[in-house]
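Treat the numbers as computed from the prediction; the structure is a model and nothing was measured.
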Protein chains: 2
Amino acid sequence: MNVTGHTSRPASIRDVATAAGVSYQTVSRVINNHPSVKHTTRERVQAAIDELGFRRNVTAHALASGRTRAVTVLTANTTHYGYASILQGIEEAARAASYAVGIGVLESADEAAVAAEVQRAADAGGGLVVIAYDPAGVAALGAVPAALPVVGVVETPATPPGGDRPWVWTDDRQAAYEATRHLLSLGHETVHYVAIPSSTRRTSAARTTGWRQALQEAGAPEPRPLQGSWGPAGGHAAGLELAKDPAVTAVLCGNDDLALGVLRALHESGRSVPGEVSVTGFDDAPHSAYLTPSLTTVRLDFTGLGRAAFALLHGVLEASAQIAPHPVSVPELVVRESAGPPPAKP
Amino acid sequence: MNVTGHTSRPASIRDVATAAGVSYQTVSRVINNHPSVKHTTRERVQAAIDELGFRRNVTAHALASGRTRAVTVLTANTTHYGYASILQGIEEAARAASYAVGIGVLESADEAAVAAEVQRAADAGGGLVVIAYDPAGVAALGAVPAALPVVGVVETPATPPGGDRPWVWTDDRQAAYEATRHLLSLGHETVHYVAIPSSTRRTSAARTTGWRQALQEAGAPEPRPLQGSWGPAGGHAAGLELAKDPAVTAVLCGNDDLALGVLRALHESGRSVPGEVSVTGFDDAPHSAYLTPSLTTVRLDFTGLGRAAFALLHGVLEASAQIAPHPVSVPELVVRESAGPPPAKP
DNA sequence: CTGAAAGCGCTTACAG
DNA sequence: CTGAAAGCGCTTACAG
């Protein structure tokens with residue numbers, strides 16, 4: 001009880017109606033911006049809303065209307081730069097549209113575990129955005145029931161899907177192609193590749209495809225890609241391998257963390273960068289410009305990708321909303337210190 | 001309509017009741033594990049639940065029961081390592097307890113903006129976790145209405161709060177103290193400090209306090225702390241300043257990203273690390289072990305902190321849940337390559 | 001332009 | 001141990 005004798009329960013539309021001297025339907029019309037409300041009535045109701053600090057109960061709204069203004073993001077990871085930035089972009093756009101954003105982490109690609117997480121996300125109501133850069137994400141995207149509004153954030157598809165496919169991506173195949181061409185143009189005979197984990201077992205990942213394409217076009221030998229992980233430890237392990245082979249002069253890495261590990265491994269192996277070996281990354285994480293040597297990499301607009309994913313979902317959920325075109329923005333090669341010409345031949 | 005003639009609307013407790021030949025209250029009792037249900041009845045109901053793929057409508061449950069199994073995380077950032085790891089810890093613990101997790105980003109510390117975000121989070125129902133490492137987070141924690149269940153993730157408080165204060169923290173004051181002592185024990189006459197943005201304007205941040213305490217105990221001169229930011233750019237700017245002063249031989253940085261920027265600035269200024277200047281970080285981000293030189297830093301258990309925050313909130317929301325003790329885990333100094341003895345005096 | 005009724009899918013007392 | 005009634009706070013037709 002507060003001093004006025006009311007309980008501290010939040011005001012409902014009935015309380016507002018009583019205070020404004022109207023029925024509660026009229027209050028409902030006002031909060032839903034229904035056109036057919038007399039101007040003076042609307043003002044009276046609005047005054048009562050402000051005075052009582054009324055906020056529509058989102059739970060009751062969801063139950064009665066059958067629609068929840070919410071998006072749940074399903075992702076295998078929240079700490080890697082790309083994933084976290086996509087999440088940030090989604091949240092930013094969702095907030096602007098007054099949508100709640102939920103998050104569910106996919107701890108494994110195991111079928112039952114993925115199904116359970118998708119179910120949990122579906123239970124929340126609203127729409128889904130699935131980050132499908134890895135097996136768990138791809139499995140989740142595939143496990144979403146057809147009736148559920150969902151947008152996938154995916155690698156560059158091998159074949160462009162139909163326009164009705166609610167997918168967004170940055171053209172990372174093209175980006176890998178250009179980064180590889182850059183290294184070849186510097187004079188390297190070929191480019192080795194340290195891959196991020198592939199999203200599927202069947203087809204080659206987009207970055208791998210772009211790298212391979214550039215090599216083939218140049219008629220360069222095509223070394224076996226090294227399987228890395230998402231973090232620097234995997235890059236370090238791969239870098240130690242590569243350092244053993246004196247023929248290696250250029251290494252394309254699937255992301256900046258991998259590149260960081262490769263850089264460290266080359267240093268430990270006594271091979272200078274970029275003097276003896278050139279290294280490039282992928283993503284342009286905030287720290288990459290401050291490494292020594294600073295990292296030549298490809299900048300990807302992850303937050304823009306997240307915003308685009310939400311815009312697309314918003315369009316599916318509400319006919320009024322705009323549908324953003326996809327792919328969103330063109331990746332950009334950022335040339336820094338870690339790549340240069342190969343050492344002169346003896 | 002599907003082949004059986006039913007609409008594809010999800011099954012409700014009434015559908016389950018019909019299928020099992022009981023009233024829908026009995027179904028409610030079964031899904032809520034109410035003890036007074038005959039064993040055979042329970043089995044019949046459970047069979048119907050499984051067959052129909054029934055899932056309790058969380059919205060209706062929330063509206064009818066008045067309790068939402070959800071936590072909303074309010075944070076100024078989702079991409080920095082510490083923040084993202086705390087979020088991951090919260091999500092992990094929440095998932096294990098079958099709680100939904102929502103996220104709201106605090107884009108500014110502006111009073112109105114913060115109030116709006118807190119309102120949005122409150123609208124979601126359930127409890128709140130506020131990451132209060134910065135002015136926006138501190139403002140949000142202060143703006144949460146008293147009636148709302150909330151746990152704050154905070155810097156080490158200047159004075160330990162009462163046991164009823166639902167706060168969690170790692171002892172970063174102690175950690176800064178120990179890192180500073182480590183540098184002093186190496187023989188440095190004093191230690192300079194590049195600070196993360198302070199959480200409040202009034203009191204000194206916990207890390208600053210720990211650093212200062214170590215200097216005072218050692219009778220070392222107390223240089224003015226340099227104001228950094230959260231990212232490497234701030235560290236770079238501060239590092240350029242410090243590099244100008246030949247008396248600087250040891251730098252404590254408020255986090256690893258700052259340290260990365262300082263490392264780069266010293267490199268650009270031609271000062272070797274750790275030969276001429278020692279540098280230490282804070283957090284032990286995944287890449288810090290792979291920098292060259294690898295970073296001496298303090299490891300903080302952010303995911304553990306997130307899990308503890310959720311456990312505390314869970315205890316507030318459900319009497320049955322355990323309350324975790326706080327602070328959670330002791331920070332640990334990780335000695336690597338970036339810090340060593342000062343250069344010999346000429 | 002505004003109001004009275006029914007209902008969203010559950011839970012919470014209250015009966016029996 | 002099980003069922004019928006009322007209600008959570010809204011929205012959605014349906015009247016007027």
Peer 1: From the options C/dC10, D/dG3, C/dC1, select the nucleotide whose nearest atom is closest to the side chain of A/K38.
Peer 2: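 That would be C/dC1.
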Peer 1: Taking the minimum atom-to-atom distance to the side chain of A/T41, which one of C/dT2, C/dT11, D/dC10 wins?
Peer 2: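 That would be C/dT2.
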Peer 1: Take the protein atom CG of A/D123 and the nucleotide atom C1' of C/dG9, then report the distance between them rounded to whole Å.
Peer 2: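 Between C1' of C/dG9 and CG of A/D123: 13 Å.
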Peer 1: Mind checking if A/T59 touches a base, just sugar-phosphate, or nothing, with heavy atoms under 4.0 Å?
Peer 2: nothing
Peer 1: So what does A/S36 touch, heavy atoms closer than 4.0 Å: a base, only the sugar-phosphate, or nothing?
Peer 2: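 Base: the residue A/S36, judged by heavy atoms under 4.0 Å, touches a nucleobase.
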Peer 1: In whole angstrom, what separates B/R67's CZ from C/dT11's P?
Peer 2: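 Value for this atom pair: 12 Å.
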Peer 1: Given atom CZ of B/R55 and atom C1' of C/dG9, what is their separation to the nearest angstrom?
Peer 2: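 Result: 16 Å.
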Peer 1: Of the listed nucleotides (C/dT11, D/dC8, C/dC10), which one gets closest to any side-chain atom of B/N32?
Peer 2: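 Minimum distance to the B/N32 side chain belongs to C/dT11.
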Peer 1: Between A/T26 and C/dG3, is there a side-chain N or O to OP1/OP2 distance below 4.0 Å?
Peer 2: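 For C/dG3, OP1 or OP2 has a side-chain N or O of A/T26 closer than 4.0 Å.
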Peer 1: Any side-chain N or O of B/S28 below 4.0 angstrom from OP1/OP2 of C/dT11?
Peer 2: yes
Peer 1: Salt-bridged, B/E318 to B/R69, with N to O below 4.0 Å?
Peer 2: yes
Peer 1: If you check the A/S12 side chain, which of D/dC10, D/dG3, D/dA6 turns out closest?
Peer 2: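 Per side-chain heavy atoms of A/S12, the pick is D/dC10.
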Peer 1: Would you say B/S65 places a side-chain N or O within less than 4.0 Å of OP1 or OP2 belonging to C/dT12?
Peer 2: no
Peer 1: Just the rounded figure in Å: distance from P of C/dT12 to NE2 of B/H34.
Peer 2: 11 Å
Peer 1: Using a heavy-atom cut-off of under 4.0 Å over every strand shown, decide if A/R56 touches base, sugar-phosphate, or nothing.
Peer 2: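 Contact class for A/R56: sugar-phosphate only.
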Peer 1: Which nucleotide, D/dC10, C/dC10, D/dT2, lies nearest any side-chain atom of A/N57?
Peer 2: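 Of D/dC10, C/dC10, D/dT2, D/dC10 is nearest to the side chain of A/N57.
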Peer 1: Passes side chain to side chain contact (heavy atoms under 4.5 Å, CB included), B/L305 versus B/D301? Steps please.
Peer 2: CA-CA 6 Å; B/L305 195 57; B/D301 180 15; over 6 Å; no
Peer 1: Could you tell me how far apart A/L52 (CG) and D/dG9 (C1') are, to the nearest whole angstrom?
Peer 2: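 From A/L52 CG to D/dG9 C1': 15 Å.
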Peer 1: Does the B/T68 side chain pair with the main chain of B/A70, one donor and one acceptor, at a distance under 3.5 Å?
Peer 2: no
Peer 1: Would you compute the distance between atom OG1 of A/T26 and atom CD1 of A/I13 and round it to the nearest 0.5 angstrom?
Peer 2: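 Answer for the OG1-CD1 pair, A/T26 versus A/I13, is 10.0 Å.
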Peer 1: Return the CG to CZ distance between A/D123 and B/R55, rounded to the nearest 0.5 Å.
Peer 2: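 Separation between the atoms: 4.5 Å.
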Peer 1: Considering only heavy atoms and no angle criterion, is a donor-acceptor pair shorter than 3.5 Å present between the side chain of B/R29 and the base of D/dG3?
Peer 2: yes
